[in-house]
Amino acid sequence: MWWLTQGLVLTAAIEKQNREKSISLARRRWHRFCRNRRGFYSLIIFAFFFITSLFAECISNDKPLLIIYDGRPYFPLFVEYPETTFGGDFETEADYLDPYIDEILSSNGNKVYFPLNKHSYQSINFTIDGPVPSPPTKDNILGTDDRGRDVFARLLYGFRLSVLFGFALTAVGTFVGIVAGAVQGYFGGRTDLFFQRFIEIWGAMPELYLLIIFASIFKPSVLLLLILLSLFSWMGLSDYVRAEFLKGRNMEYVKAARALGVRNVTIMYRHLLPNGMTPVITFLPFRMSASILALTSLDFLGLGVPPSTPSLGELLAQGKANIDAWWLSLSTFLVLVGTLVLLIFIGEALRETFDPRKN
């Protein structure tokens, strides 16, 4: 019993020391990342635009943020009010861009506070003088698409959807890839052999054909796309995690943990996984940019989200169909390329930060 107690005490001391080292190492890596100006400023710019897009409803919407009517406050952004609430004729939800409703709300000392852009991603501008898509004007700063919808609003909402989809697909693919690679690398032998043959067969599946088939069977949705793309997005990462676990499974501290009766799951999570996270973290921005590009490509081909959903790929398809409407292609191109460039710069900075050959 004495040697077992001493072993447990020694293991606890080693774990405490490793935690302190990991905290110190994380600080050094963060300072190293901050010294990479291009990656650091790219992270700040990307975070600013993403956080701003989370409040898209407060920036671009056809509903007012606040209405002061007869001395009472109303919040149409959060509550649906019928026209009769403001002296209208119908019980349906009020159209706040309707000249009749606008005249009622603007009279008798009432106050209406609209967002910066008075258009939502699905609202149609019926006051356009001319054919659509219409060029940029004071009312539509980036013009309208082929249905009269505001391009700025659809870019803002589409950017948010693309980034959130990229986060979700990256998270799911990373989790599955880590689990699959950890199981292969830690147990090895027949388990590794079976998984490798399965990955070879699964990787040979025609992904685009499967998307076409499922798109014709099921109703297109963001969730369906996330599930289908997640079935294939984990394989690239599992190879790197598998290599790290194969390298670490025969280390002395792993053998000592096994001798003390520590469970395999605990060894994998507590001892091997932190050492194998370097390739995972390094590839995260690149995997996210690939996820955004995959969603945009599928939307461009008409295999992505439903037509009414704001999407960068759908705007690119409209720009291709309306070659004279330069504002459609140019604005979408700048948003998409700018997002991918920022993510690539962040990924390069992370790769240099976690490179063990650099001080």
Side-chain angles (χ1 to χ4, degrees), residues 46-128 137-145 147-168 171 219-226 292 295 299 304-312 314-315 331 335 339:
F46 178 79
F48 171 77
F49 283 113
F50 173 62
I51 295 174
T52 302
S53 69
L54 294 178
F55 303 94
E57 285 80 6
C58 300
I59 299 174
S60 181
N61 209 317
D62 56 353
K63 298 179 180 180
L65 300 175
L66 174 64
I67 296 177
I68 306 296
Y69 182 76
D70 288 343
R72 295 181 56 187
Y74 296 89
F75 302 93
L77 194 62
F78 307 102
V79 181
E80 294 184 0
Y81 299 106
E83 281 190 14
T84 54
T85 305
F86 308 107
D89 302 323
F90 302 103
E91 293 290 342
T92 56
E93 185 180 5
D95 182 5
Y96 301 98
L97 298 181
D98 185 9
Y100 175 67
I101 299 298
D102 182 63
E103 183 181 356
I104 294 176
L105 295 177
S106 301
S107 60
N108 300 325
N110 301 319
K111 296 185 180 298
V112 183
Y113 299 95
F114 272 96
L116 296 176
N117 188 39
K118 297 170 61 174
H119 299 281
S120 180
Y121 68 90
Q122 57 185 358
S123 60
I124 299 176
N125 190 353
F126 294 101
T127 62
I128 299 175
T137 60
K138 184 179 180 180
D139 191 21
N140 303 105
I141 57 176
L142 293 180
T144 63
D145 63 1
R147 298 182 185 178
R149 298 172 297 190
D150 186 68
V151 173
F152 174 79
R154 294 191 68 80
L155 280 176
L156 181 61
Y157 285 85
F159 171 77
R160 181 178 66 177
L161 176 64
S162 299
V163 175
L164 290 177
F165 181 85
F167 275 130
K219 182 180 179 180
S221 64
V222 178
L223 180 60
L224 178 63
L225 276 180
L226 179 62
I292 294 175
L295 177 64
D299 290 336
V305 296
S308 60
T309 307
S311 169
L312 300 180
E314 189 258 348
L315 283 174
S331 58
V335 171
T339 302

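Atoms considered below: every heavy atom in the structure, side chains included; atoms not considered: hydrogens, waters and symmetry mates.
- Side chains of Phe159 and Thr339 form a contact here, defined as non-hydrogen atoms less than 4.5 Å apart.
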| request: Determine, stepwise, if the pair Asp62 / Tyr96 fulfils side chain to side chain contact (heavy atoms under 4.5 Å, CB included). | output: CA-CA 7 Å; Asp62 56 353; Tyr96 301 98; over 6 Å; no

Legend entry - side chain to side chain contact (heavy atoms under 4.5 Å, CB included) evaluation trace for Asn125 with Asp150: CA-CA 8 Å; Asn125 190 353; Asp150 186 68; over 6 Å; no

For side chain to side chain contact (heavy atoms under 4.5 Å, CB included), just list the numbers for Phe126 and Leu97, CA-CA rounded to whole Å, side-chain angles, deciding distance to a tenth of an Å, and then say yes or no.
CA-CA 10 Å; Phe126 294 101; Leu97 298 181; over 6 Å; no

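- Here the shortest heavy-atom pairing between Val151 and Thr144 reads CG2-C, 3.5 Å.
- Residues Tyr81 and Tyr74 place their aromatic rings such that the two centres sit under 6.0 Å apart.
- The two residues Asp70 and Asn110 make their nearest non-hydrogen contact at N-OD1, 3.1 Å.
- In plain terms, the two heavy atoms of Tyr157 and Ala56 that are nearest each other are OH-O, 3.4 Å.
- Not a single donor-acceptor pair under 3.5 Å links the side chain of Ser123 to the backbone N or O of His119.
- Glu103 CD to Asp98 CG: the interatomic distance, rounded to the nearest 0.5 Å, is 10.0 Å.
- When side chains are defined from C-beta on, Leu226 counts as touching Phe165, because their heavy atoms get closer than 4.5 Å.
- The shortest heavy-atom contact between Pro76 and Pro64 is CD-O, 3.5 Å.
- The main-chain N or O of Asn140 is found under 3.5 Å from a side-chain atom of Thr137 such that the two form a donor-acceptor pair.
- A heavy-atom distance below 4.5 Å is not found between the side chains of Leu65 and Phe114.
- Between the Arg154 side chain and the Tyr121 main chain, a donor and an acceptor come within less than 3.5 Å of each other.
- Residues Ile59 and Pro115 have side chains not in contact (no heavy-atom distance under 4.5 Å, counting atoms from C-beta outward).
- In this structure, the side chains of Leu295 and Val222 stay at 4.5 Å or more apart for every pair of heavy atoms.
- With respect to Arg147 and Glu314, no salt bridge is recorded, no charged nitrogen being found less than 4.0 Å from a carboxylate O.
- Inter-residue side-chain proximity for Tyr100 and Asp89 is flagged as met; some heavy-atom pair is nearer than 4.5 Å.
- Going from atom CD1 of Ile104 over to atom OG1 of Thr85 covers 11.0 Å, rounded to the nearest 0.5 Å.
- When every heavy atom of Ser331 is checked against every heavy atom of Leu142, the shortest pair comes out as CB-CD1, 4.4 Å.
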Exercise. So Phe49 and Val163, side chain to side chain contact (heavy atoms under 4.5 Å, CB included) or not? Walk me through it.
Worked result: CA-CA 10 Å; Phe49 283 113; Val163 175; over 6 Å; no

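- The minimum heavy-atom distance linking Glu93 with Lys63 is given by the pair OE2-NZ, 2.9 Å.
- The CG atom of Asp145 lies 7.0 Å from the CG atom of Leu315; values are rounded to the nearest 0.5 Å.
- Interatomic distance, CG of Asp95 versus CD of Glu83, reported as 7.5 Å (0.5 Å rounding).
- For the atom pair CG (Leu164) and CG (Leu54), the distance works out to 6.5 Å, reported to the nearest 0.5 Å.
- In this structure, Phe46 and Phe50 have parallel ring planes: the angle between them is below the 30° cut-off, well short of the 60° mark.
- For the side-chain contact (heavy atoms from CB on, under 4.5 Å) criterion with Ser60, the lone passing option out of Leu116, Asn117, Leu155 is Asn117.
- Atom CD1 in Ile67 sits 9.5 Å away from atom CD1 in Ile101 (nearest 0.5 Å).
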